[in-house]
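Written below as structure tokens is the structure these notes are about.
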Protein chains: 2
Amino acid sequence: MRADARRNLEQLLAAARDLVAEKGAGVALDEVAHRAGVGIATLYRRFPDRSALLRGVVLDALEQTRLAAEQAAEEHDDAFEALAAYLRAALELRVSAVIPQVLDALDLDEPELATACEASARATERLVDAAHEADSLPADVTFADVGMMLVRIARPLPGPMPEELKHELARRHLELFIRGLGGEHRSLDGPELSRADLADLAHPGNTLSG
Amino acid sequence: MRADARRNLEQLLAAARDLVAEKGAGVALDEVAHRAGVGIATLYRRFPDRSALLRGVVLDALEQTRLAAEQAAEEHDDAFEALAAYLRAALELRVSAVIPQVLDALDLDEPELATACEASARATERLVDAAHEADSLPADVTFADVGMMLVRIARPLPGPMPEELKHELARRHLELFIRGLGGEHRSLDGPELSRADLADLAHPGNTLSG
DNA sequence: GTGAAACGGAGGACAACGCTCCGTTTCAAG
DNA sequence: CTTGAAACGGAGCGTTGTCCTCCGTTTCAC
């Protein structure tokens with residue numbers, strides 16, 4: 001593969017990741033190509049259609065996330081600190097901003113994607129479980145709660161703010177959330193969803209009840 | 001005004017509020033009419049164009065929010081409880097899901113809208129200030145932090161979940177956030193934006209520096 | 001009972017986007 | 001340096017989806 005071709009491929013993936021996070025899976029492909037600094041034809045040469053591009057972005061993001069989770073577990077003895085470190089890393093990777101945007105534009109059941117999802121989710125779940133066992137994360141805060149709050153915080157706020165400020169605020173609000181997780185706790189109402197419950201929502205045909 | 005006409009008008013506003021919250025300001029007007037159970041012509045008879053419809057939705061939401069803030073202040077002696085009650089009410093009103101979606105499709109400087117914004121924000125700010133003074137809200141958590149977290153929590157999560165479950169989860173995550181606000185606190189980094197800072201972001205030409 | 005007001009939905013005009021084609025440029029091996 | 005294969009950019013056509021109007025039909029209220 002020629003050097004310029006590889007560079008363009010990477011720039012396309014980065015541009016697609018950012019734009020999908022900001023504008024959703026339906027973003028104009030011309031815009032992706034332009035942000036990547038290449039012509040539209042180059043995009044179509046690498047990714048035959050929109051779905052292939054989204055697949056590429058998601059696979060990339062999931063793999064990086066899995067690595068971040070494993071690295072966080074390694075580098076921190078304290079289970080809560082490990083979880084916090086992972087959340088900070090995941091925010092920077094934008095994975096939680098990208099995945100939800102493509103949920104209904106991409107078939108996550110397809111083997112390669114499903115495997116990546118599973119591996120990434122499992123690594124995250126280990127961090128949550130460890131924090132539960134160490135009693136440093138309230139028992140009523142589930143995997144789904146943590147994951148969804150990360151999605152809420154990672155999604156760019158709408159409005160005419162500079163992108164950099166948006167990102168700084170996301171970091172700040174993640175810290176606010178992490179701080180809240182550590183404090184004292186009263187009881188929490190509402191659906192306590194486990195990872196299995198989340199999987200069941202995606203595949204209502206499975207053995208678990210709805 | 002004929003009785004059916006009034007009913008249709010209310011249904012149009014409700015449908016537009018929900019759909020704008022879910023899909024953004026660019027939602028297809030045919031879809032709004034359909035969800036409201038009326039023909040597209042009826043929508044155009046009430047609102048000559050998209051902008052008029054958005055204005056109607058926003059004015060309605062802001063007014064209800066202001067009332068909710070004032071009512072929360074009245075009904076609760078404890079400042080923190082008043083703030084929490086307001087946040088719960090605002091979530092139900094969907095105001096924080098609607099406003100950000102229309103930020104760049106509507107001119108908020110226009111007198112009638114600006115007045116409503118100002119009144120609503122001022123009522124909310126009073127709740128935040130009171131909680132600060134009562135030392136029940138950490139000093140480094142600003143008006144902007146609370147408002148933006150409410151936006152993050154109120155925005156519907158993407159994905160193929162039933163709407164009702166999404167709403168239940170939003171309530172649950174708001175409780176998680178409120179719980180976190182009350183706990184012990186370490187220091188919080190990042191931009192500490194006041195209401196004035198927020199206003200300056202919207203109107204960079206004002207006296208405040210950027 | 002009656003007419004004015006409100007209604008629904010088909011359809012033409014228009015804008016935006018997807019994707020292809022082809023002449024031009026860039027790389028790297030001999 | 002030469003050369004050809006590979007990669008590139010962007011104009012442009014076809015399609016899709018949305019806006020908004022027009023007009024025959026229905027509903028309300030006096």
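Keep in mind that the numbers below use all heavy atoms, side chains included, and drop hydrogens, waters and symmetry copies. Quick note on labels: first sequence line is chain A, next is B, and so on, each numbered from 1.
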Out of [options], whichever nucleotide has its closest atom nearest the side chain of [X]:
X	options	answer
Ala41(A)	dC7(C), dC17(C), dG9(D)	dG9(D)
Thr42(B)	dT18(D), dC7(C), dG9(C)	dC7(C)
Asn8(B)	dC7(C), dC8(D), dC19(D)	dC7(C)
Ala3(A)	dA6(C), dA28(C), dG18(C)	dA28(C)

Please report, rounded to the nearest Å, how far the [atom2] atom of [N] is from the [atom1] atom of [X].
X	N	atom1	atom2	value
Arg6(B)	dC7(C)	CZ	C1'	18 Å
Gln11(A)	dC8(D)	CD	C1'	13 Å
Tyr44(B)	dT18(D)	OH	P	12 Å
Asp30(A)	dG9(D)	CG	C1'	12 Å
Leu43(A)	dG9(D)	CG	P	11 Å
Leu29(A)	dT20(C)	CG	P	12 Å
Arg45(B)	dG9(C)	CZ	P	12 Å
Glu10(A)	dA7(D)	CD	C1'	16 Å

Measure the shortest side-chain to side-chain distance between Ser96(A) and Leu91(A) over non-hydrogen atoms and say whether it is less than 4.5 angstrom.
no

Roughly how bent is the helix from dG1(C)-dC30(D) to dG30(C)-dC1(D) end to end, in steps of 10 degrees, with each end axis from five pairs?
30°

Counting heavy atoms not belonging to [X], are there more than 12 under 6.0 Å from its [atom1]?
X	atom1	answer
Lys166(A)	NZ	yes
His34(B)	NE2	no
His167(B)	NE2	yes

What contact category does [X] fall into here, base, sugar-phosphate, or nothing, at under 4.0 angstrom with non-hydrogen atoms?
X	result
Ala5(A)	sugar-phosphate
Gly37(B)	sugar-phosphate
Asp49(B)	nothing
Arg7(A)	nothing

Map Val27(B) and Asp4(B) onto DNA chain D by nearest heavy atom, then report which one ends up closer to the 5' terminus.
Val27(B)

With the threshold set at 4.0 Å, does a side-chain nitrogen-carboxylate oxygen contact exist between [X] and [Y]?
X	Y	answer
Glu168(A)	Arg171(A)	no
Glu70(A)	Arg66(A)	yes
Arg179(A)	Asp140(B)	yes
Arg17(A)	Asp60(A)	no
Glu22(A)	Arg35(A)	yes
Arg122(A)	Glu118(A)	yes

What residues 13-23 of chain A contributes to the DNA chain D interface at heavy-atom separation below 4.0 Å is none

Most 5' of Gly39(B) and Arg2(B) on DNA chain C, judged by nearest nucleotide
Arg2(B)

